[in-house]
Amino acid sequence: MQDETNLPAQAPFDTMDLLSRAVTVLKQNDRGNYTMPAPNLYPHQWLWDSCFVAIGLRHLDIERAKMEVMSLLHGQWHNGMLPNIIFRGENRYRPDRDAWRSWVSPLAPDEVATSGITQPPMLAEAVIQIGAQLSAAERRQWYKSIWPSLLAYHQWIYEDRDPHKEGLALLIHPWEAGLDNTPPWSANLREHLLPAWIRLIQKLHLINFVGLFRRDGHSVPLDERFSTLDILALFDAQRRLRRKAYNIDKILDHSLFAVEDLSFNSILIRANEHLVEIAKTIREDVPQDLLTSIHKTRKTFEELWDPYGSQYFSRDFITHNLLKEPSIAALLPLYAGCISQERAELIVRLLENEHLFGTAFPVPSVPTESPWFHAKRYWQGPTWVNTNWLIIDGLRRYGFTVHADALTESTLEMVSAGGFSEYFDPLTGESAGADDFSWTAALIIDLLKKK
Ligand code: GLC
């Protein structure tokens, strides 16, 4: 990360051109009442993707932005869970839906097929950001229309995912963190969940052969994705959840694989703050037990601090051991906004350090000195626009305006030169992953409008 005195000469970019290209991507991926993350590779609706998309859409068409958020509620489970995927799209994508078989749970919605797990709770942020574009009366109406579902979602997070009432939400699959193959999760997955049949495939050197059957390989080079070993382990983890019909008690009874994830809980803390603000605006009461849990999350969050590494980490739900594989999650407590100024400064130092997160095109999803770092491999190195957006917001919140402005500029420049890709090489700015990625376009619109 560069400071004001040391900014590199930046290639100028045309703001209007960037904006109009972003709008084109969103239009192309628009499916009426929801937006696909990217054609071919992601043909359904994803939870946090739609929240990021709505944050961009609010600048273009406020009613369409509201619709993006409301369409997520069709997938809400009877217990309040919002699933990470609502299956849509053509018949050829049915295998995705059938792999999850949400109908094995009596809690799944009746008329729509979904996954059986969630994703980071960005909903309250999207609701607030849309609200910011509305008049006071319209805002109240908007908040009222979403309130019961939003409240049910936050209640579900605590009822289902904080069984010991410790304050931190636990996750049962890496896809719930949204940072699918991020090192703390991949390491944990390999340690706990490599069943005999996957080990056998590995031993017989059949991994490359199995890789030939991957659908993602048709759209994106395989070395920019998960390893085939990881993907087999992920699907096996998914199969285990399905066998327990997504019932959390049964899942936790039989599994050692549950993580109190740093990025998810950082986002949850901010989402809780939004929830309370929304309630206040429409004079609704937040139930006392939820308020108690919200308070507890902020308190217990501090247990994720590692005084030796001077950063926060995720931790294992069962052992309470910190999972000390560094990742971009280390920067998200800035977005949570619940940490002290001193700790925020320590986190900003990680961002400034060129051997960690201070690359030419920040912010890499893994620090460059980590043995996991690979400049183009998914959540194991590349820069993503959604995490940049969260970090920019957090930097502003703690008064690091120069850093926030520099990160905004480098993000805009990277996308302007590389296109609206899913992710980018943090060393060269080269694009990687899927093309025409919706949240890249939507959040670029938001960054441009806020400049
Ligand atoms: C990938 C990302 C996840 C995202 C999904 C759809 O799985 O890791 O965060 O929601 O794609 O874009």
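Counting starts at 1 for both ligands and their atoms, following the listed order.
Nearest protein heavy-atom neighbour of atom 7 (O) of ligand 1: Asp180 OD2, 2.8 Å. Regarding atom 9 (O) of ligand 1, its nearest protein heavy-atom neighbour is Gly178 O, 2.6 Å. In terms of protein heavy atoms, atom 1 (C) of ligand 1 is closest to Tyr378 OH, 3.0 Å. Scanning the protein for heavy atoms near atom 10 (O) of ligand 1, the closest one is Asp49 OD1, 2.6 Å. If you check which protein heavy atom lies closest to atom 11 (O) of ligand 1, you get Tyr42 CE2, 3.2 Å.
If you number the atoms of ligand 1 from 1 as listed, the ones under 4.0 Å from a heavy atom of Trp46 come out as 5 (C), 6 (C), 10 (O). Within ligand 1, counting atoms from 1 as listed, the ones closer than 4.0 Å to a heavy atom of Trp379 are 2 (C), 8 (O). With ligand atoms numbered from 1 in the order given, ligand 1 contributes 3 (C), 4 (C), 9 (O), 10 (O) to contacts under 4.0 Å with heavy atoms of Trp48. Of all the atoms in ligand 1, the ones that sit under 4.0 Å from a non-hydrogen atom of Phe437 are 12 (O).
By the 3.5 Å distance cut-off applied to N or O atoms, Gln119 is counted among the residues near ligand 1.
Within 6.0 Å of NZ on Lys27 lie no more than 12 heavy atoms contributed by other residues, nucleotides or ligands.
Defined by atom type and a distance below 3.5 Å, a donor-acceptor pair is present between the side-chain atoms of Tyr158 and Asn272.
Aromatic ring orientation, Phe52 versus Trp48: tilted (interplanar angle from 30° to 60°). Using a 30° and 60° split on the angle between ring planes, Trp46 and His44 fall in the tilted class, from 30° to 60°. Below 30°, between 30° and 60°, or above 60°: for Tyr335 and Trp389 the angle between ring planes is between 30° and 60°, a tilted geometry.
Within the 3.5 Å criterion, the main-chain N or O of Ile339 finds a donor-acceptor partner in the side chain of Tyr398.
Put simply, no part of Trp175 is less than 4.0 Å from ligand 1, judged by heavy atoms.
The minimum heavy-atom distance between Trp384 and Tyr378, with the atom names listed, is NE1-O, 3.1 Å.
Within the 4.5 Å cutoff, side-chain heavy atoms of Ser410 are placed close to those of Pro362.
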